[in-house]
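For reference, the structure is listed below as structure tokens.
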Amino acid sequence: MGTHDVSILEFGSGVFEVLATSGDTHLGGDDIDNVVMKYLTDEFKNDKGIDLTKDPMAMQRVKEAAEKAKIELSSTTSSEINLPYITANENGPQHLVMTLTRAKFEQLIDSIVKKTIEPCRLALEQAKLSTKDIDEILLVGGSTRIPAIQEAVKNFFGKEASKGINPDEAVAIGASIQGAILNKDEGVGDIVLLDVTPISMGIEAHTQFDPDGRMAKIIEAQTTIPCKKSQTFTTAVDNQSAVTIVVLQGERTYAKDCKTIGTFNLEGIAPAKAGIPQIEVSFDIDANGVLNVSAKDKATGKEQQITISNNNLSDAEIEQMKADAEAHKEEDKKREEQMNKLNMAQFLINSIDQMFEDENMKDKITEEDKNNITPAKDNLAEVLKEYQTAEDKEDAMLKVEEAQKALEEVWNPLVKKLYIDPNAAANNEGGNPFTGDNPFAGQGIDPSQFAGAANK
């Protein structure tokens, strides 16, 4: 099938930077041909009572005629379609003869023309630009010669498309220039093309309440390449000595809905309580799109990496991933919010336990304080445990929120008292234990945690 792709580029000092890309894999010349073919066969069936779609040889001739009419109607107001001896019946040979006007043609493809605008809008949204920010529009491909498409583009952007390049030759010219750049041919050394990642990349990460595993994005879609980004994670269970790094591509919230493109193990992590180790995961994409992923334990210096060169998805796969993400956007958002609430509730419990055990807090937190807070803390822990087996998750979530609120009511006054003393505040090196923000923000750790509990 044909495709419709949109790219927004910024050019300056010999550098072409791709700011955003979007498209539709079912929106191209073949799709227009199919619409015209359906019209021709429907008209012939109504007139002659014969269904040409059951005759492969006849349909090949109809396809050629539809494409020829499409091309002619880009420069004329009507096209004569004459297919003698297209088929035969008891009355003898039958001929397909009709005139297709530009007005009828534009009526037939109206829905396709309208669809060309949505990828333009999405590309602008990804690039954080408006139509007024676009200086020049280049139309590439034979279907862009169709007046209705040119008019739709003009109405959307508020300006005429450039006529300075041949739409049939543009792709071939661009490919030859890029080939010359990669080959370092003379005369193109000052030209640089900066592409973008069409889809997000990350790793599978788990928490206590996330058994399915989340897609922890490290490089977002539309990031200019080459690029390198890192993020720090931690372990999921006590004394975990190894983690499995599952590399993903996709836009969904959960790993099972994304595509796995690589897996490797990082072993030799220093055994410690869950949440203590700091494991830095780095994604490095070079100019050729080759992805290098590394994981390093900051305590031991142990490091492992993988090179992924076959991470290029087809246009159809990319658009399908984007469509799936959009279709399940609200569902994923709701589930993610629930998991975040559960994880933050568990983190509150862990923070309180940690402060109760902290040697620096012995003179600050009294037994009376502990006796006042512990019942509410234990109640929240019990409610979280019940959530995991509850059939009515919404009702169970309400109980979690109520239990957390009750705990915060007795916990927050103590924290405020502790923070009145600057020394007490200085001794507490953990994240803020009573806010809804990322408690690991100050440590550079993502609250998502690794899978790999079996690798001890």
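What you see below is based on every heavy atom in this structure, not just the backbone, and it leaves out hydrogens, waters and symmetry mates. Every value quoted in this text rests on a predicted model; they were computed, and no experiment measured them. FYI, the numbering just counts along the sequence from 1.
- The shortest distance between side-chain heavy atoms of Arg335 and Tyr254 falls below 4.5 Å.
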_side-chain contact (heavy atoms from CB on, under 4.5 Å) assessment of Ile32 paired with Ile146_ = CA-CA 11 Å; Ile32 294 173; Ile146 298 173; 3.6 Å; yes
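- When atom types are taken as modelled, the side chain of Asn155 and the backbone of Glu151 share a donor-acceptor pair closer than 3.5 angstrom.
- Atom NZ of Lys228 has 12 or fewer heavy atoms from other residues, nucleotides or ligands within 6.0 Å.
- Other residues, nucleotides and ligands place more than 12 heavy atoms under 6.0 Å from the NZ atom of Lys70.
- The two atoms that bring Asp284 and Cys227 nearest to each other are OD1-O, 3.3 Å, heavy atoms only.
- To the nearest 0.5 Å, atoms NE2 (His95) and CG (Asn82) are separated by 9.0 Å.
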*Would Ile285 and Ile219 satisfy side-chain contact (heavy atoms from CB on, under 4.5 Å), going step by step from the backbone distance to the final call?*
CA-CA 9 Å; Ile285 306 179; Ile219 294 182; 3.7 Å; yes
*Quick one: do Gln150 and Thr144 satisfy side chain to side chain donor-acceptor pair (under 3.5 Å)? Show the steps, please.*
CA-CA 7 Å; Gln150 295 178 358; Thr144 62; 5.8 Å; no
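- Side-chain atoms of Asn34 come within 3.5 Å of backbone atoms of Asp30 as a donor-acceptor pair (strictly under, hydrogens ignored).
- At a threshold of 4.5 Å between non-hydrogen side-chain atoms, the residues Phe233 and Gln278 do not count as touching.
- With Arg102 contributing its side chain and Ala148 its backbone, the two residues share no donor-acceptor pair below 3.5 Å.
- The line from OG1 of Thr41 to CD1 of Ile50 is 12.5 Å long, rounded to the nearest 0.5 Å.
- With a 6.0 Å radius and a threshold of 12 heavy atoms from other residues, nucleotides or ligands, Lys322 has its NZ atom above the threshold.
- Using a 4.0 Å cut-off between charged side-chain N and carboxylate O, Lys296 and Glu280 make no salt bridge.
- Gln338 contributes atom CD, which lies 7.0 Å from atom CD of Glu394 (distance to the nearest 0.5 angstrom).
- Side-chain contact between Leu380 and Ile349 is present, with at least one heavy-atom pair separated by less than 4.5 Å.
- Annotation: side chain of Leu342 is in contact with side chain of Val400 (closest heavy-atom distance under 4.5 Å).
- Residues Ala66 and Met37 approach most closely at CB-CG, 3.7 Å, considering heavy atoms.
- No hydrogens or angles considered: a donor-acceptor pair under 3.5 Å links the side chains of Ser162 and Glu136.
- A salt bridge links Lys68 with Glu72: the distance from a Lys NZ or Arg NE/NH1/NH2 to an Asp or Glu carboxylate oxygen falls below 4.0 Å.
- For the pair Lys217 (side chain) and Gln249 (backbone), a donor-acceptor distance under 3.5 Å is absent.
- Between the side chain of Asp31 and the backbone N or O of Gly28, at least one donor-acceptor pair lies under 3.5 Å.
- No side-chain N or O of Asn292 forms a donor-acceptor pair with one of Gln305 less than 3.5 Å apart.
- The nearest pair of heavy atoms linking Cys258 to Arg252 is SG-O, 3.7 Å.
- In this structure, Arg121 fails the cation-pi test against Phe156, since its NZ or CZ atom is not both closer than 6.0 Å to the six-membered ring centre and inside 45 degrees of the ring normal.
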_Chi angles and distances behind the side-chain contact (heavy atoms from CB on, under 4.5 Å) call for Ile245, Asn265_ = CA-CA 6 Å; Ile245 312 296; Asn265 290 332; over 6 Å; no
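- Between the OG1 atom of Thr77 and the CG atom of Leu100 there is a distance of 11.0 Å, given to the nearest 0.5 Å.
- Taking a 6.0 Å sphere around NZ of Lys302, one finds it holds 12 or fewer heavy atoms contributed by other residues, nucleotides or ligands.
- Side-chain polar atoms of Gln222 and Thr197 form no donor-acceptor pair below 3.5 angstrom.
- In this structure, the side chain of Thr260 does not engage the main chain of Gly262 through any donor-acceptor pair within 3.5 Å.
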*asked:* Before you tell me yes or no, could you show the steps for Gln388 and Glu386 under side-chain contact (heavy atoms from CB on, under 4.5 Å), namely the whole-Å CA-CA distance, both residues' side-chain angles and the distance that decides it to 0.1 Å?
replied: CA-CA 5 Å; Gln388 298 186 68; Glu386 292 173 356; over 6 Å; no
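- Taking every heavy atom of both residues into account, Val383 and Ala396 meet most closely at CG1-O, 4.4 Å.
- Judged by distance alone, the side chain of Ser351 and the main-chain N or O of Phe347 form a donor-acceptor pair under 3.5 Å.
- Side-chain atoms of Thr99 and Glu80 include a donor-acceptor pair closer than 3.5 Å.
- A 4.5 Å side-chain heavy-atom check between Met59 and Leu52 finds at least one atom pair inside the cut-off.
- In this structure, Lys38 places its NZ atom where only 12 or fewer heavy-atom neighbours from other residues, nucleotides or ligands lie under 6.0 Å away.
- In this structure, Phe105 CZ and Ser78 OG are separated by 13.0 Å, a value rounded to the nearest 0.5 Å.
- For Thr235 and Gln240, the side-chain atoms include no donor-acceptor pair closer than 3.5 Å.
- When atom types are taken as modelled, the side chain of Lys259 and the backbone of Leu248 share no donor-acceptor pair closer than 3.5 angstrom.
- For the atom pair CZ (Arg214) and CG (Asp332), the distance works out to 11.0 Å, reported to the nearest 0.5 Å.
- With a 4.5 Å cut-off on side-chain heavy atoms, Met215 and Thr253 do not count as touching.
- In terms of modelled atom types and a separation under 3.5 Å, the side chain of Asn89 and the main chain of Asn91 share a donor-acceptor contact.
- Here the side chains of Asp5 and Asp24 are not in contact, with every heavy-atom distance at 4.5 Å or above.
- The shortest side-chain heavy-atom distance between Glu401 and Lys341 falls under the 4.5 Å cut-off.
- Remark: the backbone N or O of Gln107 is not paired with any side-chain donor or acceptor of Asp110 at under 3.5 angstrom.
- A donor and an acceptor atom, one from each side chain of Asn350 and Gln346, are located under 3.5 Å apart.
- Looking at every heavy atom in both residues, Pro119 comes nearest to Val6 through CB-CG2, 3.9 Å.
- Closest non-hydrogen pair, Ala221 versus Ser200, comes out as N-OG, 3.0 Å.
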*Just do the side chain to side chain donor-acceptor pair (under 3.5 Å) check on Asp324 and Gln320 with the steps written out, would you?*
CA-CA 6 Å; Asp324 287 345; Gln320 186 60 54; 2.9 Å; yes
